[in-house]
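Okay, so here's the structure we're looking at.
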Amino acid sequence: MASLAQQFTGLRCPPLSTSRLSKPSVFPKQNKMPGLLPIVSAVAISNAQTKERLKLKELFEDAHERCRTAPMEGVSFNLDSFYSALEKYDFNSEIGTKVKGTVFNIDNYGALVDITAKSSAYLPVQEACIHKIKSVEEVGIVPGVREEFVIIGENEADDSLILSLKSIQYDLAWERCRQLQAEDVVVKGKVVGANKGGVVAVVEGLRGFVPFSQISTKSTAEELLDKEIPLKFVEVDEEQSRLVLSNRKAMADNQAQLGIGSVVLGTVQSLKPYGAFIDIGGINGLLHVSQISHDRVSDIATVLQPGDTLKVMILSHDRERGRVSLSTKKLEPTPGDMIRNPKLVFEKAEEMAQTFRQRIAQAEAMARADMLRFQPESGLTLSSDGILGPLTSDLPVEGLDLSDVPPAEVTE
């Protein structure tokens, strides 16, 4: 075997140069020397990394020097700006302050609310609604809900704030009551308590007092408990927390609207052998068994049941005794419809009531005409429109005969 020296005899290698190192591709492929090229590349990469590190070191030392000697150089935000920002965004945690917050957690006792303060705030369940509730979920307080709250206190244990929605709702309720009083409207109030002077009723979430002198019925406080009664506002004083109501004024207002022949909506309260008592806006009226239908009704329970809602017509109204007589019989398009098809009766109720009122007006006109027939000396007569006026020359002295006036017809 030839020696290693003999193998390299006659082999000439050109001298290494910088240009040849930077361009290793000039070596002929057949003359590659194993191990030489990787060493040259590694030296080049190492030099580049060293230069990059030196550059970063210089930048760091320069930044360190500027932070040490001139930390605020080139910065527009200074200490005055910092204190101004603190004053602008300083959180006001005084009691009575209204804040916006977002609910992020709830439990059996209330809800945690983020109000962008240094600590979270808490809404107790008893402060979540003007009405009594068992959980905040009943009034829609769930994670993600954003509301306006009012600060009512601070928890000394962890410096967290206590919030309320009920306080805001109370303010709105008083404002609503003042508006209803100004409009002189009738509202419904639920009786929740009583004392020696009257009963306590809840209206718009507020507890108001109804003196016994302002209750139209002779019912006792126990009989009125848990019932809704019509009321009107007598006094609304938020500063003194005085809310005085009257059932008598509300009833008088309702009764003034009960004209003979008018159709009202009622609810069956109770059944008796002689008829049914109907609640028509806080007033009890009697629908006598004979006024239910033209057909004979042997058992009222086969036609009506307590809790049924129906339309009835006012037949008579005794304001002194507080008695109202009702009828569905007069509303039947054909006799017996109240038994066979009460829905049709209620659909045609206004039309049939109008017919009833027209017949009443005709009857009254005939009665006045008969009176004038026997009293021509009065100098008045009845026109064809049913209006009393001076006696005219084109009418007979004995008055106007209305015996041939046809009954009113319902127009389709």
Side-chain angles (χ1 to χ4, degrees), residues 1-94 97-107 110-123 141-151 154-163:
M1 177 180 296
S3 63
L4 183 62
Q6 291 176 344
Q7 293 181 24
F8 283 95
T9 301
L11 182 62
R12 295 183 180 182
C13 295
L16 296 176
S17 64
T18 304
S19 60
R20 298 179 73 86
L21 286 175
S22 60
K23 298 180 181 180
S25 60
V26 299
F27 288 100
K29 292 183 179 180
Q30 63 274 16
N31 292 330
K32 276 187 178 181
M33 296 181 67
L36 181 59
L37 183 59
I39 293 173
V40 175
S41 300
V43 172
I45 294 172
S46 177
N47 290 337
Q49 289 178 344
T50 300
K51 290 180 180 179
E52 186 68 23
R53 288 172 182 171
L54 289 174
K55 184 177 180 181
L56 290 174
K57 181 180 178 182
E58 291 176 359
L59 291 174
F60 175 78
E61 289 176 349
D62 182 59
H64 175 72
E65 183 65 18
R66 283 190 291 105
C67 289
R68 188 179 64 83
T69 58
M72 300 302 295
E73 183 181 351
V75 178
S76 60
F77 191 82
N78 52 30
L79 287 177
D80 292 337
S81 301
F82 175 73
Y83 291 129
S84 176
L86 284 180
E87 183 178 351
K88 181 178 179 181
Y89 295 100
D90 187 24
F91 187 82
N92 186 2
S93 60
E94 293 183 1
T97 303
K98 291 183 178 181
V99 294
K100 288 278 189 177
T102 303
V103 177
F104 66 89
N105 191 26
I106 62 174
D107 55 29
L112 284 169
V113 184
D114 178 15
I115 55 174
T116 64
K118 60 182 180 180
S119 61
S120 59
Y122 193 70
L123 173 70
I141 302 298
V142 294
V145 169
R146 185 169 178 81
E147 289 283 355
E148 184 179 51
F149 304 87
V150 62
I151 299 173
E154 185 176 356
N155 189 345
E156 297 180 357
D158 57 3
D159 292 334
S160 63
L161 299 174
I162 302 175
L163 306 178

Minimum heavy-atom separation for [X] to [Y], with atom names?
X      : Y      : value
Glu147 : Val145 : CG-CG1, 3.7 Å
Val103 : Ile106 : CG1-CG2, 3.9 Å
Glu94  : Ile151 : O-CB, 3.8 Å

**OP:** Sorted by first residue and then second, give each salt bridge (Lys or Arg N to Asp or Glu O under 4.0 Å) pair with at least one member in residues 54-64; sequence neighbours left out.
**Re:** Asp62-Arg66
Original post:
So, the side chain of Tyr122 versus the backbone of Ser160: is there a donor-acceptor pair under 3.5 Å, distance only?
Top reply: no
Original post:
Mind checking what makes side-chain contact (heavy atoms from CB on, under 4.5 Å) contact with Arg53, not counting sequence neighbours?
Top reply: Gln49
Subject >> Listed partners of Asn105 passing side-chain hydrogen bond (donor to acceptor under 3.5 Å, both in side chains), at least two apart >> reply: none
Original post:
Do Leu123 and Phe149 come close enough that some side-chain heavy atom pair is under 4.5 Å?
Top reply: yes
**OP:** Among Leu112, Ile115, Val150, find the residue that satisfies the side chain to side chain contact (heavy atoms under 4.5 Å, CB included) test when tested with Leu163.
**Re:** Ile115
Original post:
Who passes salt bridge (charged side-chain N to carboxylate O under 4.0 Å, His left out) against Glu65, sequence neighbours left out?
Top reply: Arg68
